[in-house]
There are 2 protein chains.
Amino acid sequence: MSHPSIRIDRSSRLPLYSQVAEQLERAISTGDLAPGDRITNEVALAADLGLSRPTMRQAISVLVDKGLLVRKRGVGTQVVQGQIRRPVELTSLNEDLQRAGQDPHTRVLGCRPLEADEHTLAELQIPSGSVVWDLHRLRSVGDEPLAVMHNVIPLDVIDLATVDLDRVGLYEAMRSVGIHLRVAHQRIGARRADAREAGLLGEHRGAPLLTMSRTAFDDAGRAVELGNHVYRADRQTFEVTLVDR
Amino acid sequence: MSHPSIRIDRSSRLPLYSQVAEQLERAISTGDLAPGDRITNEVALAADLGLSRPTMRQAISVLVDKGLLVRKRGVGTQVVQGQIRRPVELTSLNEDLQRAGQDPHTRVLGCRPLEADEHTLAELQIPSGSVVWDLHRLRSVGDEPLAVMHNVIPLDVIDLATVDLDRVGLYEAMRSVGIHLRVAHQRIGARRADAREAGLLGEHRGAPLLTMSRTAFDDAGRAVELGNHVYRADRQTFEVTLVDR
DNA sequence: GATGTCTTTATGTCAAGACAAAGGCTTGAC
DNA sequence: GTCAAGCCTTTGTCTTGACATAAAGACATC
């Protein structure tokens, strides 16, 4: 029954449950809370920290949803026995790489308005005849090409002509004009590289590629981006954590 | 501002928030709640149904976490504009296929105890020298081979010798001995088929395969299963829904 | 010695209320 | 006519309190 030391700051604008969740997560990642450890029960923890039980419970729920803790009624809450993995998050690949200490850069292969085809209209739920941005980019790390990225974005979402996409990530640009991404559906598959992809990625034609198609929605539920990316299979995998309720 | 009709049954053993969440989800899937619709605010909904606001909020949270609804402070809660997709869940592929109306069958290629190697020991967090089940299976639908599956399971988790794995799914078998899966880490990638895989899957050597490695944990946080599966890329993709909090 | 029942412990569910903060709209001043 | 201030709506956060239910162990009984 491990009892991590947690300090809360009621003057902070960060929510209390969030402060607790962060410190619990840090305790797990530093090994302060070891895999298999049972943490103090919710009621006692809440009392110790001067919090109400729902608040404490919400903090724990954050980590349960992340797959770091498991709850069992009548028993307690324990740390999952797995090593910490960084799952796919709703951030751009660019930001992922930057955080990982890599030095990604991006070359714009093409960016122009285009009349949307049937499939695009359906995915983005926009009226027939709509015009969208058609953006092709190549992402690399150092000298190594990593991914060929194709994005489709409704014209009224953002004016890409005013954005320097060689230097600014797409998601970063969208955030800067007040678009908050909330939900994304992704479909991950694999196939052979065609001639164009092989050339861009420095692979042979027919090499296995990891494919990812994404539809992203903002906080008003509107579809704001379509992504259709292919990755060199030897350079990229996707991590996913599933939690059963 | 759409106001779905919801009935709650206080005598049911199903939690109230769960009843509401289910009916809301059904309203969305039937189109009763259309994409883009704003639903009645939490306070009014709770009052109408005779529930407290936290309970109503919990119900909505279920659907927000599933990516069906988005909330925006000061504005309201809206239905996401995307078509409904069935994401990867913590069920076996076998059950997924059965639900989809397919007729999957499984052939056991090999199942025997084996001393665990370094990597397995680390992933399962078990002491050096431990013995594990080493299970190889081929999954098909109709005449079409679909996946080559390799699982590793600690000996003390379940006695596979007493299970008819040609007829019973692995997860089903584990549930029947009281093991409740709660969390899984999955890593999805791609590579070329080797000779053995190509033969089993009816593909050419070098064909692109979708790979999935999974570590699954039970409700006590213990690692109980390792999966290392390869899928024919033309027959399988993975759906994932990401939600930003 | 095996089985069943009670007690303890901890999470699961639910209620009622309060204040904070963000977004959007209206109103008013300049 | 434009911009800013203020108001209203709605979700976000937090508190206190209560009862239900599953798991595990202790205990008594057969």
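Note that these values count all heavy atoms, side chains included, but never hydrogens, waters or copies made by symmetry. So that the names make sense, note that chain A is the first sequence line, chain B the second, and so on, each numbered from 1.
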- Item | Among A/R187, A/H185, A/Q186, the one residue meeting side-chain contact (heavy atoms from CB on, under 4.5 Å) with B/E239 | A/R187

- Reckon B/G178 touches a base, only the sugar-phosphate, or nothing at all at heavy-atom distances under 4.0 Å? nothing

- Taking the side chain of B/R10 as heavy atoms from C-beta outward, which of C/dA15, D/dG12, C/dT11 is closest to it? C/dA15

- Query: Does the side chain of A/T77 come under 3.5 Å of the side chain of A/R71 through a donor N or O and an acceptor N or O?
  - Reply: no

- Taking the side chain of A/T77 as its heavy atoms from C-beta onward, which of D/dT15, C/dT11, C/dA21 lies nearest to it? C/dT11

- Walk me through it: do A/M149 and A/L170 pass the test side-chain contact (heavy atoms from CB on, under 4.5 Å)? CA-CA 11 Å; A/M149 307 163 68; A/L170 180 57; over 6 Å; no

- Residue-phosphate contact under 4.0 Å: B/Y17 side-chain N/O, C/dT13 OP1/OP2: yes

- Task: Measure the OH-CD1 distance between A/Y17 and A/I60 for me, rounded to the nearest 0.5 Å.
- Result: 14.5 Å

- Measure distances between side-chain N and O atoms of A/R53 and base N and O atoms of C/dG12, and say whether any donor-acceptor pair falls under 3.5 Å. yes

- Please state how far atom CZ in A/R182 lies from atom C1' in C/dG23, giving the value in whole angstrom units. 13 Å

- Task: Measure from CZ on A/R13 to P on D/dC14 and round the result to the nearest Å.
- Result: 14 Å

- Message: Checking contacts here: which listed nucleotide (D/dT13, C/dA21, C/dT11) is nearest the side-chain heavy atoms of A/E42?
- Response: C/dT11

- Message: So if I take every side-chain heavy atom of B/Q58 and compare against C/dT13, D/dT11, D/dA23, which nucleotide ends up nearest?
- Response: C/dT13

- Between A/P15 and B/K72, the residue closer to the 5' end of DNA chain D by nearest nucleotide is B/K72

- Query: Between atom CD in B/Q78 and atom C1' in C/dG23, what is the gap in whole Å?
  - Reply: 12 Å

- Query: Rounded to whole angstroms, how far apart are CG on B/L16 and P on C/dG12?
  - Reply: 17 Å

- Query: Taking CG from A/L45 and C1' from C/dT9, how many angstroms apart are they, rounded to a whole number?
  - Reply: 15 Å

- Query: Given atom CG of B/L49 and atom P of C/dA15, what is their separation to the nearest angstrom?
  - Reply: 10 Å

- Item | Options D/dC14, D/dT11, D/dA23, nucleotide nearest the side-chain atoms of B/R57 | D/dT11

- Nearest 0.5 Å, what's the NE2-CZ distance between A/H229 and A/R214? 6.5 Å

- N/O (side chain, A/T55) to phosphate O (OP1/OP2, D/dT13) under 4.0 Å: no

- Item | Position toward the 5' end of DNA chain C (nearest nucleotide), A/P54 or A/I60 | A/I60

- Item | Earlier contact from the 5' end, DNA chain D, for B/R71 and A/M56 | B/R71

- Could you state the atom-to-atom distance from CG of B/L69 to P of D/dT10 in whole Å? 16 Å

- Could you tell me the separation between the CG atom of A/N41 and the P atom of D/dA23, rounded to a whole number of Å? 18 Å

- Have B/Q19 and B/D9 got a donor and an acceptor in their side chains that come within less than 3.5 Å? no

- Between D/dT21, D/dT11, D/dT15, which nucleotide has the shortest distance from any of its atoms to the side chain of A/R73? D/dT21

